[in-house]
Amino acid sequence: FGSSCSLDFVQALWVLAMHSRVSASLAAAAVWCGIVLLLAVQQNVGFLTISSSRSTAPPSQGLLRGTATQTQPHAHFQPAGAVAASTALAATLLALVTRRMGQSSPLAGRPKAASFRPGSSPVSLAAGSEAAAKMPILRMGTRGSPLALAQAYEAKKRLAETFPELAPDDAVDIRIISTTGDQRLEISLAAIGGKGLFTRELDVALAAKEVDFCVHSTKDVPTDLIPDTELCTMLPREDTRDVLISKDGKVAKIADFPEGSVIGTASLRRQAQIYAVNSGVTCVNFRGNVQTRLRKLQAGDVDGTLLALAGLKRMNMEEHATSVLEWEEMLPAISQGAISFQCRSDDEKTLGYLRALSHLPTMQAVSCERSFLAALDGNCKTPIAGQARVTDGKLHFQGLVSSPDGKQMFRVERTGAADEGVAIGNDAGLEVRKEAGEKFFEEMQTYVQAVAAANTKPTK
């Protein structure tokens, strides 16, 4: 160990053990030896001091304000005497076991990636250096919620199935990035800035080249992307409908909730459509991941809640749904059910991998919906819904804009060629904007600010 040791050693040893093709007992022996060694060193030889170093990511070159920082703990050992016999024995055993694991690990002798030619498909890996074996081919950024991770692993699985060089577990590195939207669960999305809360920190990492691409629930992505990036890929879309989950499983329609019932939702879109069919209920802020919301529901915080069916399906939790709501009862959010990849526009290597996975009908439909949203300058402060389907080359679109209380609602429908989705969505948005009038949008924003829509605590 020389004059210092790092706690990163234990983590590295654990990863090596887990990825080695050795018996469980051998892997356990390695970890045990490492722990014994560190304890012996700390107790018999000297002392361990822990400090943290803070690294600052390069500026985002005008794309975002501020810098991305990351704090990493390090432990430094200051020698104070000779190593005890037990320590030496543990060190020797550890060296032997680690060597055996290194020889059997898939990390050993991994080939180096060949150069990538712009405009061509990603090429197969060729023989290379040992240094390249430690570097992932792609670095993927994602949020850390269970649903976000399910989507990230789905993306990793599809990449591995399409490109043999991405099949090894270490070829695509998943990097979890905490976002503002994940941290501020006590406040409604409308109250803390709307869309972008789940992507801001991911944008910073992408612009700083800390990751090669980001995986998104597309409904969380603002229509204005940071410069020099693009949504290059849409995976085949999941069912876009919402589901209703009632506390006792008996209420299957929004209109059937008794007066005074409390429905938990942080979505102004859902709130407006709920009030439009049942003005006797109260909507309250209800955020958190799927598991958290279900726990709150069972605890009696609310009488019912709404979730996206796509998220439940991706986590194999469809059994919790009381009923599935058709578009006529609850028009889904823009881009709901679509997983997208965001990448730097000049990264030809990464684009070569990602574009091969894109599903054209989903891209056409989502592009139409996002164009509709952009025409209305929509975000999570605005109750806007919109869905497009592509069938036999034809695109069918439905859009909706409402006041948060559901008393004023404007709907629009369009049909056209699938490859004209952006124009169709934009025209539909301009039509609704003209019909509603600018005064409606001004009053709507005033209403949101005045009552902090969907931001009251449950009364039960």
Side-chain angles (χ1 to χ4, degrees), residues 187-195 219 222-223 240-242 244 253-286 304-306 308 325-336 368-388 396-415 424-456:
I187 304 178
S188 73
L189 297 178
I192 54 175
K195 282 188 180 292
K219 70 176 182 177
T223 53
T240 68
R241 294 174 293 175
D242 280 330
L244 173 64
K253 289 184 175 294
I254 295 171
D256 294 341
F257 277 100
E259 186 170 353
S261 297
V262 178
I263 299 179
T265 178
S267 164
L268 290 182
R269 168 190 64 86
R270 288 171 176 152
Q271 173 184 295
Q273 294 183 79
I274 289 170
Y275 284 150
V277 299
N278 191 338
S279 59
V281 303
T282 299
C283 291
V284 298
N285 185 47
F286 202 64
T305 189
L306 278 70
L325 305 178
E326 299 299 330
W327 287 9
E328 291 71 25
E329 186 174 4
M330 180 62 61
L331 191 62
I334 302 292
S335 307
Q336 186 157 302
C368 174
E369 296 164 20
R370 286 172 58 82
S371 180
F372 174 73
L373 186 66
L376 296 170
D377 192 26
N379 53 47
C380 288
K381 294 183 178 181
T382 316
I384 297 176
Q387 286 287 289
H396 307 271
F397 173 77
Q398 294 183 34
L400 175 154
V401 180
S402 175
S403 59
D405 58 10
K407 293 181 179 179
Q408 298 183 73
M409 193 169 288
F410 303 91
R411 294 180 180 270
V412 64
E413 293 191 26
R414 282 283 193 280
T415 301
I424 293 171
N426 182 69
D427 289 346
L430 294 178
E431 178 185 324
V432 169
R433 196 172 192 98
K434 181 178 180 181
E435 181 183 357
E438 294 303 316
K439 186 178 179 181
F440 166 81
F441 289 93
E442 293 172 2
E443 291 176 347
M444 181 170 56
Q445 293 301 326
T446 301
Y447 174 89
V448 171
Q449 295 171 4
V451 302
N455 194 34
T456 58

Would you call Arg270-Asp242 a salt bridge at under 4.0 Å N-O?
yes
Test item: Thr305 side-chain N/O and Gly264 main-chain N/O as donor-acceptor pair under 3.5 Å:
yes
For Glu438, look at atom CD and say whether over 12 heavy atoms of other residues, nucleotides or ligands are found less than 6.0 Å away.
yes
So, for Leu331 and Arg269, which heavy atoms are closest and what is the spacing to 0.1 Å?
O-NH1, 2.8 Å
Is there a side-chain contact (heavy atoms from CB on, under 4.5 Å) between Gln273 and Ser402? Walk through the geometry before answering.
CA-CA 8 Å; Gln273 294 183 79; Ser402 175; over 6 Å; no
Arg241 side chain vs Met330 backbone, donor-acceptor pair below 3.5 Å:
no
State the NZ-CZ distance between Lys434 and Phe410, to the nearest 0.5 angstrom.
14.0 Å
Determine whether Phe440 and Ser403 make a side-chain contact, defined as any pair of heavy atoms from C-beta on separated by less than 4.5 Å.
yes
Ile254 vs Leu325 side-chain heavy atoms within contact, under 4.5 Å:
yes
Heavy atoms only: give me the nearest Ala375-Arg433 pair and the separation to one decimal.
O-NH1, 3.5 Å
Interatomic distance, OG@Ser335 vs CG@Leu373, rounded to 0.5 Å, equals 7.5 Å
So, taking the atom named CG in Asn285 and the one named CD in Gln271, what distance separates them when rounded to the nearest 0.5 Å?
10.0 Å
Hey, does the side chain of Gln387 reach the backbone of Ala333 with a donor-acceptor pair shorter than 3.5 angstrom?
yes
Test side-chain contact (heavy atoms from CB on, under 4.5 Å) applied to Tyr275 and Val281, step by step
CA-CA 7 Å; Tyr275 284 150; Val281 303; 4.2 Å; yes
Do Val262 and Phe286 come within less than 4.5 Å of each other through their side chains, counting heavy atoms only?
no
To the nearest 0.5 Å, tell me how far Asp405 CG sits from Cys283 SG.
11.0 Å
Could you tell me which non-hydrogen atom of Gln398 sits nearest to which non-hydrogen atom of Glu413, and how far apart they are?
CG-CG, 3.9 Å
Can you tell me how far OG of Ser261 sits from CD1 of Ile274, rounded to the nearest 0.5 angstrom?
11.0 Å
Phe397 to Cys368 - nearest heavy-atom pair and separation:
CD1-SG, 3.8 Å
Identify the two heavy atoms, one from Ile334 and one from Ala385, that lie closest to each other, and give their separation to 0.1 Å.
CD1-C, 4.0 Å
Are Leu244 and Lys253 close enough, and set up right, to give a side-chain contact (heavy atoms from CB on, under 4.5 Å), and what steps lead you there?
CA-CA 7 Å; Leu244 173 64; Lys253 289 184 175 294; 5.5 Å; no
Can you tell me how far apart CG (Leu376) and CZ (Phe441) are? Round to the nearest 0.5 Å.
5.0 Å
